[in-house]
Chemist: 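To start, I am sharing the structure in question, which I have written as structure tokens.
As the structure is a prediction and not an experimental result, all values here were calculated from the model.
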Amino acid sequence: TLDLQYFIFRGDQTGRLLTAALLRAADRGVRVRVLVDDGDVAAGDEQILALDGHAGAEVRYFNPFAYRGRSRFRRSLEFLFNGRRLDYRMHNKLLVVDNSVALVGGRNIGNQYFQVDPDSQFADDDVFAAGPIVRQLSATFDEYWNSELALPARALSPVKPTSTASTHSRAGSHKSSQRLAQTSKSNGVDYLGRSASGEPYAGILSGRLALVWAPAEVVCDNPEKRKIEHGARAGKLMAPSVVAAANGAQTELLVVTPYFVPSDDELTILKDLRQRNAHVGILTNSLETAPGLTAYAGYTHYRVPLLKAGVNLYEARARLGNARGSGQTARLSRYGHYALHGKLFVIDRQRVFIGSMNYDQRSRNINTEVGLIIDSGELARQTAARFTAMVQMDNAYTLALRPGGANIKSRLVWDTLENGKPIEYQREPARSSWQRMRARWLSLLPLDSEL
């Protein structure tokens, strides 16, 4: 069996290669189930429907739009009249194989998320899991798959997929392989060679790459999350477990999140940790790396209060001075299109949370999420070492408050290293003045609860 659950499943080279691999598995008699959210789609993403034409595979969409085309205007129009339902999205990322091994984390399916595309690189994190924990992860997939919000693609599509569609998908995959090979030459990573070698998976199976054995807890929202929050039914929510784990830190809490829009109680927890003299470090996106300006604008409200509380706040740079810890090659980093997408907590260098949940109010209250809290000093120390590498001044901006003059508020500054020389920016680093101005305008809107 192969069960895949993703917020985004793009129809680019990465998505087509994975679809072709799933078709080959179905040809071998593997039962393939793919559950995809229907909130963020682009032209070409419908290639996943090639699977639905295979007897051994099925695709379902979570909380789908009634309109099945790819006109953004028509989708926006439907959202305008049905926003209460369509705002509720499945943000989970999970792959389960034979109920025996699983991959869970923050990564969607698409070139950006595997750092294939030099023009847009989303750095992400997953954890490979084996053992009894996988059956629990598999059970969360079944819960979503059997939810009344997960509708079969063949019930929505006006035209039934056929075996011809599967043939076209395999042909498209061949073209995708050629394009991926060309991309590999530009960024210094032989993706196809790595895939053919089976690494690192082959090394894990052979024992050359040893797994770190540790207790872990699955944390997952119920697919009917909104009804649970409103008291209409009973069920589990993951945010309380993750927040409690963070609040339990004694000496240190490290956070990596692409979006940072904390709720009032989460902000209080961070301030309380500082009052207990615990070290708090947060790495998030800068304006120049932000995937979404609206969420970034919401984050800007929290920078000064956090700094005043003694939190160490870092913002990733688009062009990394040192690729160590970033998960990508130095050559790819030089394009200057780096952005964070991973979601991690490291607690006292003894526990790690990794999953799909951002540190924002949308992840807490609107989207559904999944992840693991792992009790492992070894994994926690490895993750903390990567955090330390990524917040070096040639990779990130270190935010600080400088005292103003008489009757003048403290000034926010961005310290970094460029060409080995320390630089202090007194205006927010941005790709353009227009980007900076748009972020400022958006920060005036009361949208934090939606971000």
Chemist: Would you say the side-chain atoms of Arg411 pair up with the backbone N or O of Arg402, donor to acceptor, closer than 3.5 Å?
Modeler: no

Chemist: Evaluate side chain to side chain contact (heavy atoms under 4.5 Å, CB included) for Val32 paired with Glu58, printing each intermediate quantity in order.
Modeler: CA-CA 6 Å; Val32 177; Glu58 185 179 354; over 6 Å; no

Chemist: Got Asn312 and Ile282 here, is their nearest side-chain heavy-atom distance under 4.5 Å?
Modeler: no

Chemist: Where do Arg317 and Thr416 land on the side chain to side chain donor-acceptor pair (under 3.5 Å) test, with the steps shown first?
Modeler: CA-CA 9 Å; Arg317 285 173 35 174; Thr416 191; 2.8 Å; yes

Chemist: In terms of relative ring orientation, are Tyr88 and Phe62 parallel, tilted or perpendicular, with 30° and 60° separating the classes?
Modeler: tilted

Chemist: Determine whether more than 12 heavy atoms belonging to other residues, nucleotides or ligands lie under 6.0 Å from atom CG of Asp119.
Modeler: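 Count over threshold, so yes.
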
Chemist: Do Met390 and Leu320 have side chains that get closer than 4.5 Å, going by heavy atoms?
Modeler: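 Answer yes - side chains close enough.
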
Chemist: Nearest 0.5 Å, please: how far is CG in Leu254 from CZ in Phe345?
Modeler: 11.0 Å

Chemist: Would you compute the distance between atom CE of Met357 and atom SG of Cys220 and round it to the nearest 0.5 angstrom?
Modeler: 12.0 Å

Chemist: Have a look at Thr368 and tell me which of Asn222, Asp37, Asn63, Asn92 forms a side chain to side chain donor-acceptor pair (under 3.5 Å) with it.
Modeler: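 So, applying the side chain to side chain donor-acceptor pair (under 3.5 Å) to Thr368 and each of Asn222, Asp37, Asn63, Asn92, only Asn92 qualifies.
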
Chemist: Taking side chain to side chain donor-acceptor pair (under 3.5 Å) as the criterion, tell me which of Asp221, Asp265, Asn358 meets it with Arg364.
Modeler: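 When side chain to side chain donor-acceptor pair (under 3.5 Å) is applied between Arg364 and each of Asp221, Asp265, Asn358, only Asp265 qualifies.
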
Chemist: Of the non-hydrogen atoms in Leu293 and Ala439, which two are nearest, and what is the gap between them?
Modeler: CD2-CB, 4.3 Å

Chemist: After noting the C-alpha distance and the side-chain angles of Arg331 and Arg334, does the key distance pass the side chain to side chain contact (heavy atoms under 4.5 Å, CB included) rule?
Modeler: CA-CA 5 Å; Arg331 185 187 299 182; Arg334 288 199 292 268; 3.8 Å; yes

Chemist: May I ask you to test the Val34-Leu22 pair for a side-chain heavy-atom distance under 4.5 Å?
Modeler: yes

Chemist: Short question: side chain of Arg351, backbone of Ala380 - any donor-acceptor pair under 3.5 Å?
Modeler: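 Absent.
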
Chemist: Is the closest side-chain heavy-atom distance between Leu94 and Leu4 below 4.5 Å?
Modeler: no

Chemist: Distance-only, no hydrogens or angles: does the Arg89 side chain make a donor-acceptor pair with backbone N or O of Asn367 under 3.5 Å?
Modeler: no

Chemist: Are the side chain of Ser138 and the backbone N or O of Val134 linked by a donor-acceptor pair below 3.5 Å?
Modeler: no

Chemist: Quick check on the 6.0 Å ring-centre criterion: do Tyr259 and Tyr296 meet it?
Modeler: no

Chemist: What pair of heavy atoms forms the shortest contact from Leu149 to Pro223, and how long is it?
Modeler: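 Nearest heavy atoms, Leu149 then Pro223: CD1-O, 3.6 Å.
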
Chemist: Ser356 pairs by side chain to side chain donor-acceptor pair (under 3.5 Å) with which of Arg107, Lys93, Gln5, Glu369?
Modeler: Glu369

Chemist: Begin from the C-alpha positions of Tyr338 and Asn285 and carry the test side chain to side chain donor-acceptor pair (under 3.5 Å) through to its verdict.
Modeler: CA-CA 10 Å; Tyr338 185 84; Asn285 279 307; over 6 Å; no

Chemist: Answer yes when Arg362 and Asp87 have at least one side-chain N-carboxylate O distance shorter than 4.0 Å, and no when they do not.
Modeler: yes

Chemist: Of the non-hydrogen atoms in Ala318 and Arg431, which two are nearest, and what is the gap between them?
Modeler: CB-NH2, 3.3 Å

Chemist: Between Thr251 and Asp348, is the side chain to side chain donor-acceptor pair (under 3.5 Å) condition met? List the steps.
Modeler: CA-CA 6 Å; Thr251 59; Asp348 295 334; 3.1 Å; yes

Chemist: Can you tell whether the side chains of Glu199 and Arg208 come within less than 4.0 Å, N to carboxylate O?
Modeler: yes

Chemist: Hey, mind stepping through Ile374 and Phe353 against side chain to side chain contact (heavy atoms under 4.5 Å, CB included) and telling me if it holds?
Modeler: CA-CA 6 Å; Ile374 307 167; Phe353 162 75; over 6 Å; no

Chemist: Over 60° means perpendicular and under 30° means parallel, so classify the ring planes of Tyr6 and Phe9, tilted if in between.
Modeler: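 Plane angle over 60°, so perpendicular.
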
Chemist: Any heavy-atom pair between the side chains of Asn322 and Gln392 that's under 4.5 Å?
Modeler: no

Chemist: Atom CG in Asp124, atom CG in Leu340: separation rounded to 0.5 Å?
Modeler: 9.5 Å

Chemist: For Arg72, does the CZ atom sit with more than 12 other heavy atoms under 6.0 Å from it, leaving out its own atoms?
Modeler: no

Chemist: Does Glu315 form a salt bridge (Lys or Arg N to Asp or Glu O under 4.0 Å) with Arg303? I'd like the steps, not just the answer.
Modeler: CA-CA 11 Å; Glu315 294 178 358; Arg303 293 187 295 204; 3.2 Å; yes

Chemist: Answer yes or no: is there a side-chain heavy-atom contact under 4.5 Å between Asp117 and Gln13?
Modeler: no

Chemist: Looking at every heavy atom in both Asp415 and Ala400, which two are closest together, and how far apart are they?
Modeler: OD2-CB, 4.2 Å

Chemist: Which heavy atom in Asn395 sits nearest to a heavy atom in Ala389, and how many Å separate them?
Modeler: ND2-O, 3.1 Å

Chemist: For Ser432 and Gln435: C-alpha separation, side-chain torsions, deciding distance, then whether side chain to side chain donor-acceptor pair (under 3.5 Å) applies.
Modeler: CA-CA 5 Å; Ser432 67; Gln435 185 195 37; 5.2 Å; no

Chemist: Just by distance, with hydrogens left out, do Asp448 and Gln361 show a side-chain donor and acceptor under 3.5 Å apart?
Modeler: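 Checked: Asp448/Gln361 side chains show no N/O donor-acceptor pair below 3.5 Å.
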
Chemist: Is there a side-chain contact between Ile373 and Val352 (heavy atoms, below 4.5 Å)?
Modeler: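 No, too far: nothing below the 4.5 Å cut-off.
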
Chemist: Show your reasoning for whether side chain to side chain contact (heavy atoms under 4.5 Å, CB included) applies to Leu151 and Tyr61.
Modeler: CA-CA 5 Å; Leu151 300 186; Tyr61 287 109; 5.7 Å; no

Chemist: Does Ser363 reach the main-chain N or O of Tyr359 with its side chain, forming a donor-acceptor pair under 3.5 Å?
Modeler: no

Chemist: Please find the pair of heavy atoms, one from Ser449 and one from Ile366, that lie closest to each other, and give the distance.
Modeler: O-CD1, 3.7 Å

Chemist: Are any of the side-chain nitrogens in Asp125 or Arg386 under 4.0 Å away from the carboxylate oxygens of its partner?
Modeler: yes

Chemist: Are the side chain of Asp38 and the backbone N or O of Phe65 linked by a donor-acceptor pair below 3.5 Å?
Modeler: yes

Chemist: Would you call Lys343 and Asp360 a salt bridge, taking side-chain N to carboxylate O under 4.0 Å as the test?
Modeler: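 Salt bridge between Lys343 and Asp360, a charged N being under 4.0 Å from a carboxylate O: no.
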
Chemist: Fit a plane to each ring of Tyr397 and Tyr425, take the angle between them on a 0 to 90° scale, and name the class: parallel (under 30°), tilted (30 to 60°) or perpendicular (over 60°).
Modeler: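 Rings of Tyr397 and Tyr425: perpendicular, as their planes differ by over 60°.
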
Chemist: How long is the gap from CD1 on Ile423 to CE on Met393, to the nearest 0.5 Å?
Modeler: 9.5 Å

Chemist: Starting at OH of Tyr335, measure out to OG1 of Thr329 and round the result to the nearest 0.5 Å.
Modeler: 8.5 Å

Chemist: Among Gln112, His341, Gln115, Gln328, which one satisfies side chain to side chain donor-acceptor pair (under 3.5 Å) with Gln121?
Modeler: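 Checked Gln112, His341, Gln115, Gln328 against Gln121; only one passes side chain to side chain donor-acceptor pair (under 3.5 Å): Gln328.
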
Chemist: Charged N to carboxylate O under 4.0 angstrom, Arg10 versus Asp40?
Modeler: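 So Arg10 pairs with Asp40 through a salt bridge.
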
Chemist: Given 3.5 Å as the limit, does a donor-acceptor pair link the side chain of Glu266 with the main chain of Ser263, or not?
Modeler: yes

Chemist: Does the side chain of Leu253 reach to within under 4.5 Å of the side chain of Ile269, using non-hydrogen atoms?
Modeler: no

Chemist: Between Glu378 and Arg349, is there a side-chain N and carboxylate O pair less than 4.0 Å apart?
Modeler: no

